[in-house]
Number of protein chains: 2
Amino acid sequence: MNIGDVAKQAGLPAKTIRYYEDIGLVKPLRDPNGYRAFRPSDVHKLVFLGRSRALGFTIEDCRALLALWEDQDRASADVRAIAKDHLAQIETKIADLEAMRNTLSDLVRDCAGDSRPDCPILQKLEDFPTG
Amino acid sequence: MNIGDVAKQAGLPAKTIRYYEDIGLVKPLRDPNGYRAFRPSDVHKLVFLGRSRALGFTIEDCRALLALWEDQDRASADVRAIAKDHLAQIETKIADLEAMRNTLSDLVRDCAGDSRPDCPILQKLEDFPTG
DNA sequence: CTTGACCCTCCAGTGACTGGAACCCCCATA
DNA sequence: TATGGGGGTTCCAGTCACTGGAGGGTCAAG
């Protein structure tokens, strides 16, 4: 299969797929004309990658997950460890963003948003403690 | 004031401050020996920048906020617009992360995490619809 | 034979820094 | 006077995960 069709099937831009080949995540064959020739297993891998990335795993996480995915003898604990670690990171990020949102929505609420020059947002950006 | 002291006062790495000069956010003077000489107003600006960045504003947002901050005649509505826009982006990000978290915590919960090779996390990464 | 859709490689840029090399400046001590 | 340490300087390269674009080759249809 050519890269365009694979891109549609996997829901990834062709550029991204080429990049994944560059960094060794997929290794498609080549047709005599130089075009990449993707086997069903390559497509399957790319779908897996797309989903892992959509869940916010880093490329290196994906590489590890992919290795585990392909290893018949892996322990599910290994996969779980990666996922749990990632989950903890997501939760930290959510907490950080919620703190930002709270501060910011206070600021927005207190600001008249009219044509007067005095603005409590700028005022508070001078005053409040650094996060 | 030299960059090291400014870094302490503003809570920013010296490297970051140099970078902010590079991209024109601050314009410290120079001592005859070539050292950057920060005026109190520069430090004040850097504190403002640190706080804005801590709230997740992009550098370009910061540049705009800084311009408004220095403009005596600005309308508070301009500032509010930037903040509201940013707030909306944060809320989108939180929602995305919460969706990830939910999917991922389901996966982690369903995984035995022992030494057996069958792992529902990898299974679901093959199956579930791409986000 | 041409058109247009596809494919290729390679290089540069993104955002917001961060690390490191190689060097200069200043002060205190032996 | 040397020297050591802790500042400071510039510039280049790397991070992450792509993305855009130039400049060109390939293929099927009309």
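Residue numbers begin at 1 in each chain, while the letters A, B, ... track the order of the sequences. Hydrogens, waters and symmetry mates are skipped; everything else that's a heavy atom, side chains included, is used.
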From the list [options], which nucleotide is the closest neighbour of the side chain of [X]?
| X | options | value |
| --- | --- | --- |
| A/Tyr35 | C/dT18, D/dG25, D/dG7 | D/dG25 |
| B/Arg53 | D/dT9, D/dG25, C/dC17 | C/dC17 |
| A/Ile59 | D/dA17, D/dT26, C/dC7 | D/dA17 |
| A/Lys15 | D/dC18, D/dT26, C/dC10 | C/dC10 |

Under a 3.5 Å distance rule, please check whether B/Arg80 uses its side chain to pair with a backbone N or O of A/Val108 as donor and acceptor.
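A pair under 3.5 Å: yes.
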ILVMFWY cluster, B/Met100 and A/Ile94 together (side-chain gap under 4.5 Å)
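Cluster IDs for B/Met100 and A/Ile94 match.
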Base, sugar-phosphate or nothing for [X]? Non-hydrogen atoms, less than 4.0 Å.
| X | result |
| --- | --- |
| B/Arg36 | sugar-phosphate |
| A/Arg18 | base |
| B/Tyr20 | sugar-phosphate |

Whole angstrom is fine here: how far is it from [atom1] in [X] over to [atom2] in [N]?
| X | N | atom1 | atom2 | answer |
| --- | --- | --- | --- | --- |
| A/Asp61 | D/dC16 | CG | P | 12 Å |
| B/Glu60 | C/dC17 | CD | P | 12 Å |
| B/Ile3 | D/dG6 | CD1 | C1' | 15 Å |

Phosphate oxygens OP1/OP2 of [N]: is one of them under 4.0 Å from a side-chain N or O of [X]?
| X | N | answer |
| --- | --- | --- |
| A/Asn33 | D/dC27 | yes |
| A/Thr58 | D/dC16 | no |
| A/Arg63 | D/dA17 | no |

Determine whether any donor atom in the side chain of B/Tyr19 lies under 3.5 Å from an acceptor atom in the base of C/dG15, or the reverse, and answer yes or no.
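Result: no qualifying N/O pair found.
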Can you tell me if A/Gln89 and A/Asp85 form a side-chain donor-acceptor pair at under 3.5 Å?
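Checked: A/Gln89/A/Asp85 side chains pair up, N/O donor to acceptor below 3.5 Å.
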